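Notes follow the structure.
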Amino acid sequence: MSSSVYSDGAAYVRGQFVPIAEATLPVTDWGFTRSDVVYDVVHVFDGCFFRLQDHLDRFELAMAKRRLRPPEDRTTIEAILHRCVALSGLSDSYVAMVASRGKPKVTGSRRPVDCENHLIAYAVPWVDVVPKDVQERGAHIWIASNPRVPDASVDPTVKNYQWNDLTSGLLEAHDAGFDTTVLCDAEGFLTEGPGFNVFVVKDGRVVTPDRGSLHGITRQTVLDLCAELGIEALVAPIHRSMLDEADEVFLTSTAGGVIPGARIGHRILGNDRPGPISLRLKQAYWSKHEESGHRTPVRPLEAEA
Ligand code: PLP
C-alpha cells in the first residue's frame with residue numbers, strides 16, 4: 001500500500017493498521033456506549049514526539065486506575081505510535097492512544113470483567129484546541145455556568161471521554177460569541193477547560209488550579225519553564241473571584257501549547273491582547289522543542305520492518 005492512502009492519518013485498531021477513515025468500532029463497544037476508555041494524546045512536531053515517555057507514563061497509570069488491560073505492552077504501544085505517524089508521513093501530528101473496555105464476550109453482560117479490552121491508536125494532522133489566529137489575538141474565554149463534574153465522581157487525573165460538562169460549557173461559550181470556556185467546580189474554584197489546563201497570572205506570579213484538573217504534560221512543562229526562567233509559579237486553589245483581579249490568563253494543551261487569553265468572561269485583560277508573561281512562556285515552550293531532552297524522532301518505516 002502506498003503511504004498516500006494514509007495522508008489523512010493512520011490508525012491501529014483491532015490489531016491492524018488502516019487509513020484513518022477505515023478505523024471503526026462495533027457499536028456495542030463500551031468505549032462507545034459507556035465512554036469507557038482512558039486515553040492520551042502526544043504531539044509530533046517537526047518529526048519528533050515531545051515528552052513521549054511522560055505521555056506513556058500517564059497512559060499506563062490511567063489504564064491501571066481504570067483496570068483496563070489491552071494485550072499490547074508499553075514497548076508495543078510505543079512502536080505502534082511510531083508506525084502510525086510514519087505511515088501518515090506527517091511531520092506535525094496529533095497522536096492518540098486509547099484503551100477501550102471493549103465489548104462483552106457474553107452478549108448483554110453488565111460485568112466489566114467480561115469485556116475484551118483493546119487498544120486503538122492513531123496519528124492525524126496537527127490539531128489546535130484554539131485556532132492559530134485566535135491564539136495570536138488572544139482567546140476570549142467564557143466562564144461556564146455549569147460546574148465541572150466532581151473529582152470524587154470522575155477522576156480528572158485520568159484522561160477520559162466524560163466531556164458532557166465541558167461540551168455544555170463550549171455550547172454556552174459559542175452562543176455568547178466566545179472562543180472557548182473554563183469550568184469552575186460546584187464550590188466556585190477554577191478547574192480546566194475542554195482539552196486544556198488553565199493558568200492565572202497576578203503580579204508576576206503564575207498559578208494553576210490544584211483541583212478538578214488533569215495533570216497536563218504542557219502544564220508541567222510550563223511549571224518547569226517557570227522554574228528555569230525565575231518566574232514564581234504555584235499549584236493552588238483559584239477561586240473564580242480571582243479572575244476579576246487576574247493580569248493574564250493562559251491555557252495549556254498538547255494540542256496548541258501555551259495559548260494566551262485576551263478576555264475572561266466579560267473582562268478585558270491588559271490591552272485586549274496576549275500578556276507579556278503568557279507570550280514569554282509560549283516562546284519558551286516552543287524553544288523547548290528544539291532541545292534534545294524531550295524529543296524522540298519518529299522512527300522511519302524501514303526501521304520498524
Ligand atoms: N485537561 C483536559 C480535560 C484535557 O483533555 C487535556 C488534554 O489535552 C489537558 C487538560 C491538557 O493536557 P496536556 O497538556 O497533557 O495535553
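Read the numbers this way: they start at 1 and go in the same order the structure lists the ligands and their atoms. The shown structure was predicted, so the numbers you read here are calculated from the model rather than taken from an experiment.
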Within 4.0 Å of some non-hydrogen atom of Gly193, the atoms of ligand 1 are 3 (C)
Sidechain N-carboxylate O distance under 4.0 Å for Lys202, Glu232: no
Which atoms of ligand 1 have any heavy atom of Trp163 under 4.0 Å away? 5 (O)
Min N/O separation Ala255 to ligand 1 under 3.5 Å: no
After noting the C-alpha distance and the side-chain angles of His118 and Tyr12, does the key distance pass the ring-ring contact (aromatic ring centres under 6.0 Å, His included) rule? CA-CA 11 Å; His118 64 109; Tyr12 171 89; 9.7 Å; no
Those atoms of ligand 1 less than 4.0 Å from some heavy atom in Gly216: 12 (O), 13 (P), 14 (O), 15 (O)
Could you identify the single nearest non-hydrogen protein atom to atom 10 (C) of ligand 1 and state the distance to 0.1 Å? Phe196 C, 3.3 Å
Could you tell me which residues satisfy salt bridge (charged side-chain N to carboxylate O under 4.0 Å, His left out) with Glu245, sequence neighbours excluded, listed by chain and number? none
Taking salt bridge (charged side-chain N to carboxylate O under 4.0 Å, His left out) as the definition, give me every residue that meets it alongside Asp54, ordered by chain and number, with sequence neighbours left out. Arg51
Audit row: His82, Phe49, ring-ring contact (aromatic ring centres under 6.0 Å, His included) steps and yes/no: CA-CA 9 Å; His82 276 273; Phe49 287 99; 4.9 Å; yes
May I ask you to check if ligand 1 and Arg148 share an N or O to N or O distance below 3.5 Å? no
When distances are taken from atom 14 (O) of ligand 1, the protein heavy atom at minimum range is Thr218 OG1, 2.6 Å
Answer yes or no: is there an ion pair linking Arg74 with Asp57, defined by an N-O contact shorter than 4.0 Å? yes
Ligand 1 and Ile217, any nitrogen or oxygen pair closer than 3.5 angstrom? yes
On the 0 to 90° scale, with breaks at 30° and 60°, tag the His289-Phe50 ring pair as parallel, tilted or perpendicular. parallel
Which residue owns the protein heavy atom closest to atom 2 (C) of ligand 1, what's the atom, and how far is it? Glu192 OE1, 3.5 Å
To which protein heavy atom is atom 16 (O) of ligand 1 closest, and what is the distance rounded to 0.1 Å? Thr254 OG1, 2.7 Å
To the nearest 0.1 Å, how far is atom 5 (O) of ligand 1 from its closest protein heavy atom, and which atom is that? Lys159 NZ, 3.1 Å
Can you see which heavy atom on Ser100 is nearest to which on Asp29, and at what distance? OG-OD1, 2.5 Å
